[in-house]
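Every chain is numbered from 1, with letters handed out A, B, ... down the list of sequences. Only this structure's heavy atoms are used, side chains among them; waters, hydrogens and symmetry mates stay out.
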2 protein chains.
Amino acid sequence: MQEYDTYKGLLHSNGLKNTKRRNLILDILAQTEQPLTVDQIFLELKQKDISINISTVYRIVETMVSRDLVIKTNLNGESKTFFELNRKEHGHHIICMNCKQMFWLDDCPLDDYCDLLQEKTGFDITGHKLEIYGYCQKCK
Amino acid sequence: MQEYDTYKGLLHSNGLKNTKRRNLILDILAQTEQPLTVDQIFLELKQKDISINISTVYRIVETMVSRDLVIKTNLNGESKTFFELNRKEHGHHIICMNCKQMFWLDDCPLDDYCDLLQEKTGFDITGHKLEIYGYCQKCK
DNA sequence: TTAGTTGCAAATCGTTTGCATCAAG
DNA sequence: CTTGATGCAAACGATTTGCAACTAA
């Protein structure tokens with residue numbers, strides 16, 4: 001087997017075997033800014049004539065999530081779960097309500113607010129999730 | 001039938017018939033700050049010795065959502081959908097990751113940021129959703 | 001009286017699991 | 001050779017639907 005070693009090091013350093021499917025799925029996630037559902041990943045693989053079982057896709061993305069390589073997200077109004085590569089930068093998505101495209105925003109206006117809130121509420125605040133909704137240039 | 005007319009006006013003005021179950025469900029949602037799942041609502045009704053079918057609960061909350069009386073939310077890491085009364089005030093939830101309680105925050109730090117973003121991205125921004133995660137005073 | 005509401009059972013959808021086989025290390 | 005990875009089919013939990021009976025207006 002050749003050509004599927006792009007993520008060999010990453011996989012091994014996380015205690016995972018280097019397999020063709022894992023490489024392919026990481027590759028798909030790396031090549032888009034969009035969080036993807038399991039069946040979107042499954043379909044992309046099908047289009048590349050890769051035979052894979054959908055339960056394998058579920059298992060692979062969940063394994064990646066447990067290793068912190070992938071982030072799992074639920075979006076408002078969507079029953080399916082989305083997965084995106086963990087690029088280890090903090091940011092949020094701005095989402096077009098018409099075409100459903102999601103664009104990455106690498107700035108975050110919430111750091112000061114969270115500090116403030118921590119004092120005000122007595123919570124130990126560990127994170128937050130922000131989604132911006134609207135219509136993109138094409139759809140508006 | 002008496003005692004179930006609290007929301008009669010509200011229901012009628014939204015083109016809905018005034019029924020016992022709708023009144024009860026609106027009442028449950030009105031009496032808590034917590035967004036509830038369908039089966040939490042179902043259980044509360046059971047505890048009040050109200051017989052209702054779970055599919056009726058689903059239909060009632062969805063009807064309320066379509067009339068904008070109730071807000072439907074998906075939360076990160078939860079497979080079930082939550083429903084809360086639409087109190088028509090803007091705000092967000094701060095959520096305890098241990099006990100899962102959600103507290104309402106009636107301030108929002110994002111108005112200026114959204115204006116800014118609208119110019120920067122060319123999006124027509126219509127809304128946003130913010131959740132703050134952490135551990136509450138009791139659980140931390 | 002009639003259109004909208006509810007209960008019930010079955011269907012559907014997204015996701016998970018058990019087990020046998022297979023492949024990476 | 002050993003452990004973890006995958007395929008397959010069956011199970012599962014949340015939600016939706018079709019249809020008949022019912023009830024508010």
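The phosphate of dT15(C) has OP1 or OP2 within less than 4.0 Å of a side-chain N or O from T81(A). Of the side-chain N and O atoms in R21(A), none sit less than 4.0 angstrom from OP1 or OP2 of dT6(D).
For the pair K20(A) NZ and dC22(C) C1', the computed distance is 14 Å after rounding to whole Å. Distance CD (E78(A)) to C1' (dC13(C)): 14 Å, rounded to an integer number of Å. Counting to the nearest Å, the C1' atom of dA24(C) and the NZ atom of K8(A) are 10 Å from each other. The interatomic distance linking F82(B) (CZ) with dT15(D) (P) rounds to 10 Å, in whole Å. In this structure, F83(A) places its CZ atom 7 Å from P of dT15(C), rounding to the nearest Å. Whole-Å rounding puts the N74(B) CG to dC13(C) P distance at 18 Å. Rounded to whole Å, the distance from NZ on K80(A) to C1' on dT15(D) is 14 Å. In this structure, the CG atom of L16(A) is 10 Å from the C1' atom of dG4(D), given to the nearest Å.
Within the structure, every pair that satisfies the side-chain hydrogen bond (donor to acceptor under 3.5 Å, both in side chains) test and touches residues 50-62 of chain A, not counting sequence neighbours, is listed here: N53(A)-S55(A), E62(A)-K72(A).
Residues C114(B) and I132(A) approach most closely at SG-CD1, 4.2 Å, considering heavy atoms. Of all non-hydrogen atoms in R21(A) and I60(A), the two that sit nearest each other are CB-CD1, 3.6 Å. Summarising the geometry of G122(A) relative to K140(B), their closest heavy-atom pair is O-NZ, 2.7 Å, with the distance given to 0.1 Å.
Remark: F103(B) CZ to T121(A) OG1 distance equals 9.0 Å, nearest 0.5 Å.
The aromatic rings of H92(B) and H128(B) are tilted relative to each other, their planes meeting at an angle between 30° and 60°.
Applying the 3.5 Å distance criterion, the base of dT3(D) shares a donor-acceptor pair with the side chain of K17(A).
A salt bridge links D107(B) with K120(A): the closest approach of a Lys/Arg side-chain nitrogen to an acidic carboxylate oxygen falls below 4.0 angstrom.
Contact annotation for D39(A): no contact, since no heavy-atom pair falls under 4.0 Å across all strands.
Nearest-nucleotide mapping onto DNA chain D: of H12(B) and T37(B), the residue sitting toward the 5' end is T37(B).
The stretch residues 45-72 of chain B comes close to DNA chain C through S51(B), I52(B), N53(B), S55(B), T56(B), R59(B), I60(B), each having a heavy atom under 4.0 Å from the strand.
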